[in-house]
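As a basis for the values below, the full set of heavy atoms in this structure was taken, side chains included, without hydrogen atoms, waters or symmetry mates. All residue numbers in this chain count up from 1 along the given sequence.
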Amino acid sequence: MKKILLFLSAITISTTAFAQDDDGFEAIIVAGAQDANTLMGAYISPAMEGLVYSMSGGWYHTAKTHKKLGFDITIGVNAAIVPSEKELFAFADLDFQNTITATSGTTPTVAGGGTPADVTVVTQDGDTGTFTMPEGIKDDLPLNAMPAPTLQASVGLIYDTDLMVRATPKLGSDDVKGSLFGVGLKHNLMQYFGPLDKLPLNIAVMGAFTSMSIDYDIEDGSSIDGVNQAAEFKLNSYTFQGVASLDFPFITVYGGLGYTGGKSELNVLGTYNVDYNGGADRTTLIDPIALSYSPSSVRASLGARLNLAFFKIYADYTVQEYNNLSAGIAFSFR
């Protein structure tokens, strides 16, 4: 599981950062289809929600738009900080179909740390199975944040409007591959304010949409016998904001107010032959997990950019459900 989550957070930089052992997150399926969805939903929610917010960050570092055919290339990272209360979840807070007991009342989410709980399940048919919850990856996440690196290009169109594009072709390893695409528009409103457009103040509106998809082949490292075992991750995010900036020769101060939301889905596909009662009995589950999340939040951002001719360095902080830190560099012309 650690491999796929580190891939989700680093897709636009490298495919070598996730060469870690699989944690066997499919073992949760032993709980039965309904309870596996409940447990997986609680475990993975910080990643599925946090990535929606981090994917929506870093779209701008000024409200000013380019002249026609002017452009910039931005390399940055967005880090959605996981709230501390989402680092653990309690079994008692969940509703189960089968009888679930654990060695601890709480266990880490994907964003947590510490020792995961060992779980015993007794099905409604009286079959007994055991498994260990997957561990969290808090120690692998700086600031305990869900990061989304970005490589973005913007170009000036007509009517003081910039077209912004993020794109990563499908890349990865033999068992995990993914791609990303995002597009946005930013429109400067100062042209409608007469002589005020001579001020260093710029005001704009912007909207953007980003989509990421990941295909993960579970089968080779699976702890459960079966065929065609795979996981599909699909994440979409959108943001609409009003943006303002004070643009001086050597420094720009900028901020934004708006709304961010999106949808993320996890589908665990294939056939899983689950053993109970020490291997004496077996149950087959097909496509056992299907999860969907729709996080959304009002957002407010404030940041600054250092202007060194065409070279820019920027950083900003966003207050929202998962607060976000964005930072990076840009090469801007016209």
- Task: Please lay out, stage by stage, how T260 and F240 fare under the test side chain to side chain contact (heavy atoms under 4.5 Å, CB included).
- Result: CA-CA 7 Å; T260 289; F240 301 99; over 6 Å; no
- Task: Test S154 against D162 for side chain to side chain donor-acceptor pair (under 3.5 Å), laying out the working first.
- Result: CA-CA 6 Å; S154 302; D162 280 359; 5.4 Å; no
- Item | Verdict with supporting geometry, L269 and Q229, side chain to side chain contact (heavy atoms under 4.5 Å, CB included) | CA-CA 6 Å; L269 308 175; Q229 297 177 355; over 6 Å; no
- Message: Run D95 and T38 through side chain to side chain contact (heavy atoms under 4.5 Å, CB included) and show every step you take.
- Response: CA-CA 8 Å; D95 294 324; T38 300; 6.0 Å; no
- Task: For side chain to side chain contact (heavy atoms under 4.5 Å, CB included), just list the numbers for I29 and I289, CA-CA rounded to whole Å, side-chain angles, deciding distance to a tenth of an Å, and then say yes or no.
- Result: CA-CA 8 Å; I29 295 169; I289 293 178; 4.2 Å; yes
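Checking side-chain atoms of S56 against main-chain N and O of S54 turns up no donor-acceptor pair under 3.5 Å. Of the possible donor and acceptor atoms, none in the side chain of D125 sits under 3.5 Å from a partner among the backbone N and O of D127. At least one donor-acceptor pair under 3.5 Å links the side chain of S104 to the backbone N or O of T106. Under a 3.5 Å cut-off, the side chain of K64 and the backbone N or O of H61 do not form any donor-acceptor pair. At least one donor-acceptor pair closer than 3.5 Å links the side chain of T239 to the backbone N or O of Y259. The closest donor-acceptor contact from the side chain of N78 to the backbone of G57 lies under 3.5 Å. Counting only distance, with no hydrogens or angles, the side chain of Y272 and the backbone of V30 share no donor-acceptor pair below 3.5 Å. Checking side-chain atoms of D35 against main-chain N and O of N98 turns up a donor-acceptor pair under 3.5 Å. In this structure a side-chain-to-backbone donor-acceptor pair under 3.5 Å is missing from S294 to K263.
Annotation: F333 is in aromatic contact with F71 [ring centroid separation under 6.0 Å].
Tracing side-chain contacts under 4.5 Å through hydrophobic residues (I, L, V, M, F, W, Y), one never reaches Y317 starting from V52; they form parts of separate clusters. Transitive grouping of hydrophobic side chains (ILVMFWY, heavy atoms separated by less than 4.5 Å) brings I313 and I75 into a common cluster. Both Y276 and F131 are part of a single hydrophobic cluster, where members link through side-chain heavy atoms under 4.5 Å apart. Both M133 and I224 belong to a common hydrophobic cluster when Ile, Leu, Val, Met, Phe, Trp and Tyr are linked at side-chain heavy-atom distances under 4.5 angstrom. The hydrophobic cluster containing L302 does not contain I251, counting ILVMFWY residues as joined when their side-chain heavy atoms lie under 4.5 angstrom apart, directly or transitively.
Under the 4.5 angstrom side-chain criterion for Ile, Leu, Val, Met, Phe, Trp and Tyr, the cluster partners of V243 are W59, Y60, M164, M206, Y254, Y314.
Rounding to the nearest 0.5 Å places CE of M55 at 6.5 Å from OG of S211. Between the CD1 atom in I329 and the CG atom in D72 there is a gap of 12.0 Å [rounded to 0.5 Å]. Considering OG1 of T271 and CG of L285, their distance stands at 9.5 Å, rounded to 0.5 Å. If you take CG on D281 and CG on D275, they are separated by 9.0 Å, rounding to the nearest 0.5 Å. We find the CG-CG distance between L291 and N267 to be 8.0 Å, quoted to the nearest 0.5 Å. A distance of 6.5 Å separates CG in L151 from OG1 in T168, rounded to the nearest 0.5 Å.
Considering all non-hydrogen atoms of both residues, N37 and P288 come closest at ND2-O, 2.8 Å. Across L235 and M48, no two heavy atoms sit closer than the pair CD2-O, 4.2 Å. Heavy atoms only, all atoms of each residue included: T130 and T120 are closest at CG2-OG1, 3.7 Å. When all heavy atoms of T62 and R305 are compared, the closest pair comes out as CG2-NH1, 3.6 Å. Closest heavy-atom contact between A63 and A204: O-CB, 3.5 Å.
The aromatic rings of Y53 and Y322 lie parallel to each other, their planes meeting at an angle below 30°, with 60° marking the opposite boundary.
Applying the side-chain hydrogen bond (donor to acceptor under 3.5 Å, both in side chains) test to D287 and every residue at least two apart in sequence or in another chain returns nothing.
Checked by atom type, the side-chain pair D316/S301 shows no donor-acceptor distance below 3.5 Å. One side chain, T284 or N273, offers a donor N or O that lies under 3.5 Å from an acceptor on the other. Side-chain atoms of D160 and N188 include no donor-acceptor pair closer than 3.5 Å. With 3.5 Å as the limit, one finds a donor-acceptor pair spanning the side chains of N307 and T252. Side-chain contact annotation: N324 with S326, donor-acceptor N/O pair under 3.5 Å present. S45 and Y293 form no side-chain donor-acceptor contact under 3.5 Å, judged by distance and modelled atom types alone. Of the N and O atoms on the side chains of H66 and R334, not one donor lies less than 3.5 Å from an acceptor on the other residue. Inspection of the S245 and D247 side chains reveals an N or O donor paired with an N or O acceptor under 3.5 Å. Between the side chains of T318 and R299, at least one donor N or O sits under 3.5 Å from an acceptor N or O.
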Just distance, no hydrogens or angles: give the donor-acceptor pairs under 3.5 Å from side chains in residues 85-93, sequence neighbours left out.
unit_1	atom_1	unit_2	atom_2	d
E87	OE1	K138	NZ	3.0
E87	OE2	N144	ND2	2.9

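By the neighbour-count criterion of 12 heavy atoms within 6.0 Å, atom CZ of F96 is densely surrounded, having more than that number from other residues, nucleotides or ligands.
Looking at heavy atoms from C-beta onward, I44 lies out of side-chain contact with T109 at the 4.5 angstrom threshold.
Under 4.0 Å is where a charged nitrogen must lie from a carboxylate oxygen, and between K177 and D215 no such pair does.
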